[in-house]
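Lettering follows sequence order; numbering is per chain, from 1.
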Protein chains: 2
Amino acid sequence: MKENLEKLNRYIDLKGLRHSTSREQIAKVFFKTQDHITVEALLDEVRKINAKIGLATVYRTLNLLQECGLAMKRDFDTGTVTFEPYSDAHHDHLICTNCGEIIEFFSDDLEKLQDKIAKKYGFVLTDHKMELYGHCKNCS
Amino acid sequence: MKENLEKLNRYIDLKGLRHSTSREQIAKVFFKTQDHITVEALLDEVRKINAKIGLATVYRTLNLLQECGLAMKRDFDTGTVTFEPYSDAHHDHLICTNCGEIIEFFSDDLEKLQDKIAKKYGFVLTDHKMELYGHCKNCS
DNA sequence: ATAGATGATGAGAATCACTATCATTAATAG
DNA sequence: CTATTAATGATAGTGATTCTCATCATCTAT
Ligand SMILES: [Mn+2]
Ligand SMILES: [Mn+2]
Ligand SMILES: [Zn+2]
Ligand SMILES: [Zn+2]
């Protein structure tokens, strides 16, 4: 959270951007959020702090945060995309197509296997997306 | 190709739908396409056969094809979604973020590992999405 | 601290992909 | 062949995101 803000500010300096209050308010609220949040939901949260903030600025800030690796866009085929704070701790997702539950996981074996596959085809990996869809314990 | 059309016709009968020419023309062109095609590109192709076909019908047909497992929607973060014919032979993708090349692959190890992960969290899998982003042989 | 330059903002228009509507056309059952 | 009604194509509508632009706020250099 504190580190996230610092990283953002470093990026802002690096790019010669300005330190605006709206942007910082949005970023702070976003970093505090727990799981995957929609843009509308984030706007609602932010407006509890500052009612004047506009939707466009939320989008602009999320795009900036993505650029510097502090936000990750997620599209789980639920009809609405979400964002989550991202601090270089990669993880993948299990998604219940019945109740919508989302479980985050990390598998070292999976990461290794990916590298192996990439190598086979001469690829150098920069990122990946792994989404497992099915029914959770409750729903099956 | 022939099997695909037959499967589609069986599905149409099953659902009590009608056998329309537009739909069949669209499906035929789609099944003939090689790689991942955009909706606009598919419409262009289809109109070479039948200039009167509308965009909505292409969407309707693609949705129907998805329903019966004959088409798969793909969103590789390139800005435009694509579709590909799909005949129960699952595969995943390597995507070059530089030149856009897409390599399809299938890994038995990967499928097994997914089941293992799912089991760990009590999930029963129905589907999954694995996209590896990076730079291809040429671009790196 | 002040003033000037310009980046950032918020409101709303514009765009893009996709879906809904609806009058017309065409497939099917009798 | 006719009646029924699903399917079509044109287009309006929708939702998400970006763009435009006048105004505001931040930063830099006095
Ligand atoms: Mn997550
Ligand atoms: Mn493919
Ligand atoms: Zn569930
Ligand atoms: Zn490449």
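- Residue Ile53(B) is classed as a sugar-phosphate contact, given heavy-atom separations below 4.0 Å to backbone atoms only.
- Spacing between atom CG of Leu55(A) and atom C1' of dA16(D) amounts to 9 Å, rounded to whole angstrom units.
- A salt bridge is defined here as a Lys NZ or Arg NE, NH1 or NH2 lying under 4.0 Å from an Asp or Glu carboxylate O, and Asp77(B) with Lys129(A) meets this definition.
- Tested against Arg23(A) for a side chain to side chain contact (heavy atoms under 4.5 Å, CB included), the candidates Ile53(A), Leu17(A), Thr57(A) yield a single pass: Leu17(A).
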Spell out protein contact along nucleotides 22-30 of chain C as letters: B when the base is contacted, S when just the sugar-phosphate is, - when no protein heavy atom is under 4.0 Å; keep the 5' to 3' order. ----BBS--

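- Looking at heavy-atom distances under 4.0 Å, Asn63(A) makes contact with sugar-phosphate atoms alone, never a base.
- By the neighbour-count criterion of 12 heavy atoms within 6.0 Å, atom NZ of Lys28(B) is sparsely surrounded, having that number or fewer from other residues, nucleotides or ligands.
- A rotation axis mapping the C1' atoms of four pairs onto the next four is fitted at both ends of the helix from dA1(C)-dT30(D) to dG30(C)-dC1(D) over five pairs, and the angle between these axes is 40° to 10 degrees.
- For an aromatic pair to be called close, the ring centres must be under 6.0 Å apart, and Tyr133(A) with His128(B) fails this.
- Aromatic rings from Phe83(B) and His36(B) are positioned such that their centres are separated by 6.0 Å or more.
- Ring geometry for Tyr86(B) versus His91(B): interplanar angle of 30 to 60°, hence tilted.
- Residue order along DNA chain D, read from the 5' end via each residue's closest nucleotide, puts Lys52(B) first among Tyr59(A) and Lys52(B).
- Counting non-hydrogen atoms of neighbouring residues, nucleotides and ligands closer than 6.0 angstrom, the CD atom of Glu6(A) exceeds 12 such neighbours.
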